[in-house]
Amino acid sequence: MSGTMMDFPLTLVAVLERVGKYFGKIEVVSRRPDRSLHRTTYAQVYRRARALAQALQHAGLGHGDRVATLCWNHAEHLEAYFAVPCAGGVLHTLNLRLSPGELSYIVRHAGDKFLIIDDVLFPIYEKMRGEVSFERVWVVPTISSTTPAGCENYEQLITTARGEFQYPALNENDPAAMCYTSGTTGPPKGVLYSHRSLVLHTLAIGMADTFDLRQRDVLLPVVPMFHANAWGLPFLAAMVGAKLVFPGPHYDPASLLELMAGEQVTFAAGVPTVWMGVLEALEKNPGRWKLAADLRLGIGGAAPPEALIRALDSLGLRTMHSWGMTELTPVGTAGTLKSYMLDWPDDEKYAVKRLQGLPLPFVEVRAVSEQGEVPWDGESVGELQVRGPFVAASYYNLPEAADRWTNDGWFRTGDVAAIDPEGYIKIADRTKDLIKSGGEWISSVDLESALMGHPAVKEAAVIAVAHPKWLERPLAVVVCKDGWTISAEDLRAFLGWKFAKWQIPDAVEFVEALPRTSVGKFKKSELRERYQNWKWK
Ligand code: ADP
């Protein structure tokens, strides 16, 4: 016997139709490269997304064909986010910060048919042109209306649509979007999202205990739309009808703050380094930007130091911490406090807030060590494994990476974590960042969080460096705040309050800046390379 309910497919068509029908008057604002603000509405985005869908079909887009985008966050990228999947294609967002070699590999591996690219990003395409063969390339005129030779104008493509667009018949398990994870270990790996996974993820991240997004909110995805669906936020904003504000190519703290104040943004999401920069700007210029009273900040993608969460809080900026991965569409957890924790002393509350949180509904987690699943005691660590309806079941066309899934169907995240008795996850490290000293394991994440809690420290990363006696020892690489200095000895003494002697980095290197990954996280692989021949004194 089955239930007697309709078998209604979970597709992005329903999200696009909803925003078009109910939220047409709501604005979508995009900052252009020349810093001007381009204003449109969901009514226009809806009309143009359907026109784009039809035009792409006329251009020969078949079921499952990949359409690559190389774009900043803006309204036209939002059009493609909906048009391509709703036309039966696969939206393949390309990370514009990758090298031409990496991009060419990814484009060829994905078999991309078409490309939509910003005029200002055209030089990236020119560098890989000889290595890839798109059938057609459309250029989005964000500052210039001239189209380079051999390419076509995106605006003209949209005008080729005629009459009413008919959605193709779509199954909820059809492919809708695709994103490659960075290739720090092995080649870049493609994750192919289905309509169903995107819809369920959108519902899960919109919940009150996740991002709590409402129609009346104004959402600024600082996270790039070229990586991991910008945490699914463009789909969420459209589903609830919240005003969207896009930064275009302007990611510096002052530009973000000006946009947040000017548009009265109420929810903005980015990696910790973004909020570190914003915090510094706010502290240097008190009262300069009048931010919305109910502004919340989504923070994730890397572990935020507790000091950052506290400092933002003290300025009235509430953070929502979450953990995720490209393979999870990408949000997997959210760090809300439970009702009975709200009365706890501050220190205890922050100890929970800096954890990575509870799994979203339908996401199951376990931590597994060589001895098997570890108990949920908040201390025993193992590899974090997950499963659920918006977790990848394999990589696209990469059978050699099948070992990232266990025989009993869990995805091996490559993160090392403990789970506490309340179910909160604590990411201690990525497997590849682990420091194993004399057989004992040291959490670089804990050390970094503590170091960034010192008033003189702006940024810190702790890496493992080979050691003749202990095999590996931690080395701290630290950036001081402007106008501050501190000695390595004083920093080590500061850590001595919290850590056992053998856990404390033996040396501290002071540098001007830490290297960043393509999405703004600290790039520890580069630091490990830089210090591989380090001589311990
Ligand atoms: P990459 O950073 O390799 O390009 P992802 O964007 O998919 O790929 O990053 C996923 C990884 O980022 C996770 O496996 C985890 O190590 C790290 N990460 C994400 N969110 C958090 C968080 N809140 N705290 C600690 N680490 C995080």
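We number each residue from 1, following the sequence as shown. Counting starts at 1 for both ligands and their atoms, in listed order.
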Salt-bridge criterion met for K436 and E472 (N-O under 4.0 Å): no
Could R296 and D217 be called an ion pair, given the rule that one side-chain N must be under 4.0 Å from one carboxylate O? yes
Once you restrict to heavy atoms under 4.0 Å, what part of [X] touches ligand 1? Side chain, backbone, both or neither.
X    : answer
P330 : neither
T181 : neither
A228 : neither
R430 : side chain

Please confirm whether G414 approaches ligand 1 to less than 4.0 Å, judged on its heavy atoms. no
Is it true that S322 lies under 4.0 Å from ligand 1, counting heavy atoms only? yes
Looking only at distances, can you tell me whether any N or O atom of E327, backbone or side chain, sits closer than 3.5 Å to an N or O atom of ligand 1? no
Write down the atom of G378, the atom of P421, and the distance for their closest heavy-atom approach. N-CD, 4.2 Å
Among P272, S525, P188, G301, which one has a heavy atom closest to atom 20 (N) of ligand 1? G301
Ring centres under 6.0 angstrom apart (F235, H201): no
With a 6.0 Å cut-off (strictly less than), is the heavy-atom count around CD of E373, excluding the residue itself, greater than 12?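 Result for CD/E373: enclosed.
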Greater than 12 external heavy atoms within 6.0 Å of W534's CH2: yes
Need the ligand 1 atom indices (1-based, order shown) with element for anything under 4.0 Å from a heavy-atom of [X].
X    : answer
T326 : 5 (P), 6 (O), 7 (O)
A303 : 22 (C), 24 (N), 25 (C), 26 (N)
Q356 : 22 (C), 23 (N), 24 (N), 25 (C)
K521 : 2 (O), 5 (P), 6 (O), 9 (O), 10 (C), 11 (C), 12 (O)

Between the side chains of D174 and H195, is a donor N or O closer than 3.5 angstrom to an acceptor N or O?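 Distance-only check fails for D174 and H195.
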Between Y395 and E327, do the side chains contain an N or O donor and an N or O acceptor separated by less than 3.5 Å? yes
